[in-house]
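Written below as structure tokens is the structure these notes are about.
The first residue in the sequence is number 1, and the count goes up from there.
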Amino acid sequence: MKVIMAQKLLQANQDIAEQNRKHLSQILTVNLIGSPGAGKTTLLERTIASLKKDLAIGVIEGDISTTLDAERIAGQGVDVVQINTEGACHLDASLISKALQELDPSSLDLIFIENVGNLVCPAEFDLGEDYKVALLSVTEGSDKPAKYPLVFHEARAMVITKVDLLSYTDFDLKAVEEGVKAANPAAQFFVTSAKTGEGLEAWCLWLKEAMQRKRGLSAIG
């Protein structure tokens, strides 16, 4: 009988993630993590529409099955690679490495990775990204950061989505912001609505500044 230790699998993933990171040394890479229905694809559509005049953007779409989200993103006129995990609950570094072979990163400024809808497993796997970004919609309940702390601790930014529906829910926006900042003081906090456009300008500005910082740091390094 052969036994595969989880720690070895995680180390193997970490090794490939470091290779991805070197390959993406000039390209800002953002890993979007959220539950099914959190609004990841809609936020991505609005973000791409705002940024594509200034930045060359590519997208890696992770999903259990179908190409529905990838088709929506392709409608924005950017390069998209779909990864169907066929049941797996997250993307890993080897899947991203294969997707990068299809994207031609040398022509891009910014790559978004839309992870499989899940708040647990995606937080545990380094993909070689610069930032994990956690999404939480006001329709999901304000207890998610307490119930799934790892993803909110790992995230460099947190995006609240669907805030136009806030008055129809008992979502405690202030408590969530205070809770996340207490657990992760470095996290940026954005309150957005893809429907009304609220908060999108600040979110897009943060992405632009993050890309500029990376290019500057890379040039110095």
Side-chain angles (χ1 to χ4, degrees), residues 10-11 13-25 27-44 47-48 51 57-63 69 73 81 83 85 88-97 99-100 105 108-137 140 144-161 176-177 179-192 199 202-211 213-214 217:
L10 290 174
Q11 184 58 55
N13 180 82
Q14 190 66 39
D15 292 344
I16 299 172
E18 292 302 330
Q19 294 173 15
N20 291 345
R21 193 168 284 109
K22 290 179 181 176
H23 191 46
L24 297 168
S25 63
I27 304 155
L28 180 68
T29 308
V30 177
N31 179 9
L32 300 176
I33 301 174
S35 301
K40 297 186 293 299
T41 307
T42 304
L43 178 75
L44 200 45
T47 302
I48 292 169
L51 294 178
I57 299 171
V59 178
I60 298 173
E61 273 288 342
D63 214 335
D69 290 348
I73 296 302
V81 176
I83 299 174
T85 63
C89 59
H90 63 277
L91 299 176
D92 62 32
S94 65
L95 291 171
I96 298 303
S97 178
L100 291 175
L108 300 174
D109 300 307
L110 170 60
I111 293 177
F112 288 108
I113 300 168
E114 182 178 348
N115 219 310
V116 177
N118 187 345
L119 284 175
V120 182
C121 307
E124 299 176 354
F125 284 79
D126 183 359
L127 305 181
E129 75 275 65
D130 292 295
Y131 302 136
K132 290 180 173 66
V133 172
L135 272 69
L136 178 64
S137 73
E140 293 181 71
K144 287 289 179 65
K147 295 175 71 174
Y148 305 96
L150 180 60
V151 64
F152 296 99
H153 185 267
E154 291 286 316
R156 184 62 175 270
M158 179 175 177
V159 181
I160 300 293
T161 61
V176 169
E177 181 173 4
V180 169
K181 287 186 174 179
N184 184 359
Q188 298 291 309
F189 198 86
F190 300 97
V191 179
T192 71
W203 159 242
C204 290
L205 179 61
W206 180 76
L207 290 166
K208 284 183 177 180
E209 291 177 345
M211 195 203 69
R213 283 197 301 273
K214 178 160 187 178
L217 290 173

Pro122 and Val151, any side-chain heavy atoms less than 4.5 Å apart: no

How close do Leu127 and Ala93 get, counting heavy atoms only, and between which atoms? CD2-N, 3.7 Å

Distance from Glu209 atom CD to Leu28 atom CG, nearest 0.5 Å? 12.0 Å

Side chain to side chain, Asn13 and Ser94, heavy atoms closer than 4.5 Å: no

Return the OG to CG distance between Ser25 and Asn20, rounded to the nearest 0.5 Å. 12.0 Å

Please give me the minimum heavy-atom distance between Lys132 and Ala123, naming the atom from each residue. CE-O, 3.7 Å

Listed by chain and number, what are the side chain to side chain donor-acceptor pair (under 3.5 Å) partners of Ser97, not counting sequence neighbours? none

For Leu100, which of Ile60, Leu108, Leu95 qualifies under side-chain contact (heavy atoms from CB on, under 4.5 Å)? Ile60

Which pair of non-hydrogen atoms, one from Phe190 and one from Ala202, has the smallest distance, and what is that distance? CE2-O, 3.5 Å

Please output the side-chain donor-acceptor pairs of residues 111-118 that fall under 3.5 Å, not counting sequence neighbours, one pair per line with the distance.
from	atom 1	to	atom 2	distance (Å)
Glu114	OE1	Thr41	OG1	3.2
Glu114	OE2	Thr41	OG1	2.7
Asn115	OD1	Leu91	N	3.2
Asn115	ND2	Asn31	OD1	3.2
Asn118	OD1	Val120	N	2.8
Asn118	ND2	Cys89	O	3.2

Which residues pass the side chain to side chain donor-acceptor pair (under 3.5 Å) test with Asp109, sequence neighbours left out? Arg215

Look at the side chain of Lys40 and the backbone N and O of Ser35, then say whether any donor-acceptor pair between them is shorter than 3.5 Å. yes

Report the residues that fulfil side chain to side chain donor-acceptor pair (under 3.5 Å) with Trp206, sequence neighbours left out, ordered by chain and then residue number. none

Might you point out which heavy atoms bring Glu140 and Ala38 nearest each other, and give the distance in Å? OE2-CB, 3.5 Å

Scan for side chain to side chain donor-acceptor pair (under 3.5 Å) pairs involving residues 179-192, sequence neighbours excluded, and state none if there are none. Glu177-Lys181

Under a 4.5 Å cut-off applied to non-hydrogen side-chain atoms, are Arg21 and Glu18 in contact? yes

Euclidean distance, Leu10 CG relative to Asp92 CG, rounded to 0.5 Å: 10.5 Å

Is the shortest heavy-atom distance from the side chain of Leu51 to the side chain of Lys208 under 4.5 Å? yes

From Thr29 OG1 over to Lys214 NZ, what is the distance, rounded to the nearest 0.5 angstrom? 5.0 Å

Could you tell me which non-hydrogen atom of Pro145 sits nearest to which non-hydrogen atom of Val176, and how far apart they are? CG-CG1, 4.1 Å

Provide the closest heavy-atom pair for Gly34 versus Leu119 in the form atom of the first, atom of the second, distance. CA-CD2, 3.9 Å

Do Glu61 and Leu44 have side-chain heavy atoms sitting under 4.5 Å apart? yes

Salt-bridge contact Arg156-Asp130 (side-chain N to carboxylate O under 4.0 Å): no

When rounded to the nearest 0.5 angstrom, what is the spacing between OG1 in Thr42 and CG in Asp69? 8.5 Å

What residues, two or more places apart in sequence or in another chain, satisfy side chain to side chain donor-acceptor pair (under 3.5 Å) together with Gln19? none

So how far is it from Thr47 OG1 to Leu32 CG, rounded to the nearest 0.5 Å? 8.0 Å

Side-chain heavy atoms of Trp203 within contact of Val133, under 4.5 Å: yes

